[in-house]
There are 2 protein chains.
Amino acid sequence: MGIREPLREMSCGLPHALEVMGERWSFLILRAAFNGLYHFEEFSQELGIARNILSNRLANLVQHGVLERTPCEADRRKVEYRLTEKGLGLLPAMLALRQWGERYTEDFNPGLVLVDCRDGQPVQPISIRAQDGRELSWHELGWQTPDKIGQPVDRHAGAYAKDGFPAEPPEQSEECC
Amino acid sequence: MGIREPLREMSCGLPHALEVMGERWSFLILRAAFNGLYHFEEFSQELGIARNILSNRLANLVQHGVLERTPCEADRRKVEYRLTEKGLGLLPAMLALRQWGERYTEDFNPGLVLVDCRDGQPVQPISIRAQDGRELSWHELGWQTPDKIGQPVDRHAGAYAKDGFPAEPPEQSEECC
DNA sequence: CTCCCTAAGTTGCGATTCGCAACCCTTTTT
DNA sequence: AAAAAGGGTTGCGAATCGCAACTTAGGGAG
């Protein structure tokens, strides 16, 4: 990516996402929720997570609107934790992370494959796409200010070469030796 | 998703991904790397991270093959940390997380927008797609064993209703009250 | 050559957080 | 009435985080 974005500013959604999902067990709890677990004991047993941590994480996810906590009508000892719409919105991120983990794990042997349940065909690898559907790699991306959207980005010091990653340090800018 | 996958097993890439990227600053370091930072001091100053932690994280990312550490030829005090191919493979995951953070942050005001630098148009929201390109939501997904790929998935207790998330507890299964 | 500066860490130490086990309160089941 | 299940909370030792100070190696100016 050519233009460097300011990193400390809150113009980036990543810090917020990490505030919600960045703690140790959050993603695994989320995965469990996507797999249809609802109850405290289920999470506890399936994940082997300490109860106090689980309690803390669930409360955190509820507070951030990823899960919804509702006491169970039929059995008032139980509580249900369910994904909200915001929580469901994390599925692409989780899947991308997971696909990456699978791809780069030595000798990874998929026990189960995520498929389109209509035809049983595996889902596509998650990728970044342009408006016209082209898959984009890193060196085809750039940052643009909202008012200049639609204007091609001039990548300063665009000394990028093969396959979307820099072959050399991008020119003698002030940054690099 | 209908069929429940076994959660503790290593049949899932998520634990591996989190082992690499799950610590507190890893994703922000990665973002910085995608933004063209190479050197220890740059990361330190831009992110405001403690030096010992940064040192630890960089070493960890190098060890896991996300970054490559090379002493700088021209100035032998410096060291370059560069994304490997494995590291570049994290871009979709990071972007998905980031888009999620942006979408669900109150009053989020994008300072910069990630665009296709050829035409300056914003990239698409990251989504999960079937082989034919259809966008898939959670309730259209299922787990299938590798030998049965291509066979439609029968979702057990498929009481899912609106918009891809469960309207009620999916029937009186053994799981839910 | 000497002095000073930069880059990249390392070390010490107090403040948090994690993880385990035990305990607690409420609701259900027997 | 007693026992058990569900969902936590509390205490406490171990590991991790974050800050500041220190170290080591290389470069540059005079």
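Throughout, protein chains are lettered first and strands after them, A, B, ... in sequence-line order, and every chain is numbered starting at 1. Heavy atoms only: backbone and side chains are in, while hydrogens, waters and symmetry mates are out.
Here the side chains of A/Leu114 and B/Trp143 are in contact, with some heavy-atom distance below 4.5 Å. You'll find the side chain of B/Leu141 stays beyond 4.5 Å of the side chain of A/Leu95, heavy atoms only.
Atoms CG (A/Leu28) and P (C/dG19) sit 11 Å apart, rounded to a whole Å. Rounded to whole Å, the distance from CD1 on A/Ile53 to P on C/dT17 is 10 Å. Distance CD1 (B/Ile49) to C1' (C/dG9): 13 Å, rounded to an integer number of Å. Between the CD atom of A/Glu19 and the P atom of C/dT17 there is a distance of 13 Å, rounded to whole Å. Rounded to a whole Å, the CD atom of B/Glu42 is 13 Å from the C1' atom of C/dA8. Taking atom CD of residue A/Glu73 and atom P of nucleotide C/dT28, one finds them 11 Å apart after rounding to whole Å. Distance, B/Glu80 CD to C/dA7 P: 14 Å, rounded to whole Å.
Among the atoms of the strands shown, none is found under 4.0 Å from any heavy atom of B/Phe43. Contact annotation for B/Arg51: base contact, defined as any heavy-atom pair under 4.0 Å involving a base atom.
Partners of A/Tyr104 according to the ring pair (Phe, Tyr, Trp, His ring centres under 6.0 Å) rule, which considers only residues two or more places apart in sequence or in another chain, are A/Trp100.
Closest-nucleotide positions on DNA chain C for B/Asn52 and A/Asn52 were compared, and the one nearer the 5' end corresponds to B/Asn52. Two residues, A/Arg77 and A/Ala50, neighbour DNA chain C, and the one matched to the more 5' nucleotide by heavy-atom proximity is A/Ala50. Where A/Phe40 and A/Arg24 each meet DNA chain D at their nearest nucleotide, the meeting point lying more 5' is that of A/Phe40.
First and last contacts of DNA chain D with chain B, using any nucleotide atom under 4.0 Å from a protein heavy atom and ordered 5' to 3', fall at D/dC17 to D/dG27.
Within 6.0 Å of CZ on A/Arg76 lie no more than 12 heavy atoms contributed by other residues, nucleotides or ligands.
For the residue pair B/Val20 and B/Leu61, the shortest heavy atom distance occurs at O-CD2, 4.0 Å.
Once rounded to the nearest 0.5 Å, the distance linking CD of A/Gln63 with CZ of A/Arg69 reads 13.5 Å.
A donor-acceptor contact closer than 3.5 angstrom is absent between the side chains of B/Glu41 and B/Ser44.
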